[in-house]
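Structure incoming, see below.
Residue numbers begin at 1 in each chain, while the letters A, B, ... track the order of the sequences.
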There are 2 protein chains.
Amino acid sequence: MAKVDPSLVAHLPLFAGFTNEELEEILREARSSRHPKNSAVFVQGEDAHSFFLLLHGHVRAAKTTPTGEQIVVRYVAPGETFGLAMAIGLTQYPATATAVDDSVVLAWPTGAWPRLVQKFPALATNTLQTVGTRLQESHTRMLEMSTQQVEQRVAHALLRLAKQSGKKLDHGIEIDFPISRQDIAQMTGTTLHTVSRILSGWESQGLVESGRQRIILREPHKIFVLAEQSADSGSAR
Amino acid sequence: MAKVDPSLVAHLPLFAGFTNEELEEILREARSSRHPKNSAVFVQGEDAHSFFLLLHGHVRAAKTTPTGEQIVVRYVAPGETFGLAMAIGLTQYPATATAVDDSVVLAWPTGAWPRLVQKFPALATNTLQTVGTRLQESHTRMLEMSTQQVEQRVAHALLRLAKQSGKKLDHGIEIDFPISRQDIAQMTGTTLHTVSRILSGWESQGLVESGRQRIILREPHKIFVLAEQSADSGSAR
DNA sequence: CCGGCAATTTGCGTTAGCGCAAAACTCGGC
DNA sequence: GCCGAGTTTTGCGCTAACGCAAATTGCCGG
């Protein structure tokens, strides 16, 4: 619940072009809270009482069908917003947000949004950009799911995670939060079994090193090549 | 190039809450143009010179991979905006827009957007809502592609098209623009062969009636049931 | 009215990846 | 240091859907 230093968030896309005074006014309306690993920040279907900015940790946004199948919509990294339901005209959260690591978030009550946007129109245009970017990413994932085989999709998913939340090592890049085979399966539209087989294969070729909820890309470039190469012996769909 | 009557567009979500005077000012900056069937309004990768509002006809937005595979991102119906690249921070179109019927569009030069938004902040919030809605739809499609079989996905796709652009008939609903098996395949992540087989099956059961680039849902309710039913004998992914 | 092209249909062999099952491993907690 | 739950690995059979090929149909333009 401590006050947040404006200088800590001034560089974020959401707040591009804001003065420190304006930021303070905006931040005054927010409450920060901690969420221990594996706890839900909000649940799909729940009333959208707040929208959020992730300060520390990592949050998984997942969508569930009535019959219980899930997909991981995205992983939220520090500095990113999530739970923007009301900004896009929803009254309930369309997905469940779960902290995959001990996390700290900043939460604004839904009711503050119209007021803030009215006073600071740049909030709307900035948010429009980030939502637009997410829409692009979503289309790209759809394209991959339609046209690529599982191995390529997994490669792309890992490269994206490495880019977003990779920790550089002496030799390789480590995904900087706990992620299971099941999670990757739900990001790529396959099963944990298939992901496990693929990673085992890569591991024996020295491309990755992995363990329980932990993945290190040892040969990012080779994985990149894998991701790009279309399944030979096939033609365009 | 004729002037557009504000009252014709006042009811659109994009212009919610605008007065006739404001609308006239906004419309003054736009040019209308005709696009014959099968001509491109803009091409993926091209410089985003304009953004658009569809007045008449239907436009298909499709994304292509470097290797030539395509997916249909969406069909644009009259009253909807498209080509919003710049609003979301892109300088080039991320997809190709093709008129599938003789179409009339309203086009604003990209440069007008910042000015319009600055003067009419509601444009940004309205656009944020529509982009947000599209993001939801995109996530829903991803969920379907991950968890459902082809037949269910095709059923969902047709129901969506019927809802958006369906013409009510005495007995059934007709998709009100030319659409091929190939198009449906590219909406659902499958092949035209599989779509053809599925539609043939449905036709022999009297669920649909279809021909060259033409589909009529004769039993929308039964198709709805088909769409919802999970492949039995299976379990959650 | 006819020719030709594009869309559609359908058959058939192939296979990537699923689904199920069981074993092995890891780690946190007691 | 041991126990137990959750995660990962791996084997095996199966099938939904693809990929290829060929025939058929419907439509537009001349």
Distance alone, cut at 3.5 Å: any donor-acceptor contact between the side chains of B:T188 and B:T190? no

Polar pair under 3.5 Å, donor/acceptor by atom type, side chain B:R197, base D:dA17: no

Whether B:R160 and B:E144 form a salt bridge (side-chain N of Lys/Arg under 4.0 Å from carboxylate O of Asp/Glu) is what I want to check. yes

Here the distance between atom C1' of D:dT7 and atom CD of A:Q186, to the nearest Å, is 14 Å

Closest nucleotide of DNA chain D for B:V150 versus for B:K37: which of these residues is on the 5' side?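 Looking at DNA chain D, the more 5' nearest nucleotide goes with B:V150.
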
B:N38 CG to C:dA6 C1': how many Å, rounded? 11 Å

What is the distance, rounded to the nearest whole Å, between atom CD1 of B:I179 and atom P of C:dA7? 13 Å

The single option from A:W108, A:Y93, A:F42 that satisfies ring pair (Phe, Tyr, Trp, His ring centres under 6.0 Å) with A:F51 is A:W108

Find the distance A:L199:CG to D:dT10:C1' and express it as a whole number of Å.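 From A:L199 CG to D:dT10 C1': 14 Å.
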
Side chain of A:T190 (C-beta onward), nearest among C:dC18, C:dT8, D:dT10: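 The answer is C:dC18.
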
Within this structure, what is the CZ-to-P distance between A:R214 and C:dC25, rounded to whole angstrom? 16 Å

Where the side chain of B:T194 is defined as all heavy atoms beyond and including C-beta, which of C:dG19, C:dA7, D:dC18 is the nearest nucleotide? D:dC18

Heavy atoms under 4.0 Å, any strand shown: does B:S196 hit a base, just sugar-phosphate, or nothing?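 The residue B:S196 makes base contact.
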
Between the base of D:dG6 and the side chain of A:R181, is there a donor and acceptor pair under 3.5 angstrom? no

Would you say A:S180 reaches D:dT7's phosphate, i.e. side-chain N/O to OP1/OP2 under 4.0 Å?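 No, no such contact exists.
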
Euclidean distance, atom CZ of residue A:R212 to atom C1' of C:dA24 [Å, nearest integer]: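 Whole-Å distance recorded here is 12 Å.
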
Side-chain donor/acceptor of B:H193 to base of C:dT8, under 3.5 Å: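 Donor-acceptor pair under 3.5 Å: no.
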
May I ask you to say whether A:R74 pairs ionically with A:E137, meaning some side-chain N is under 4.0 Å from a carboxylate O?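 A:E137 and A:R74: not salt-bridged.
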
More than 12 heavy atoms of other groups within 6.0 Å of A:H221 NE2: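 Count not over threshold, so no.
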
Separation of C:dA7 P from B:E203 CD (nearest whole Å):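 Those two atoms, CD and P, are 18 Å apart.
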
Figure out the CD/C1' separation between B:E209 and D:dG26, and round it to whole Å.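 Distance, rounded to whole Å: 15 Å.
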
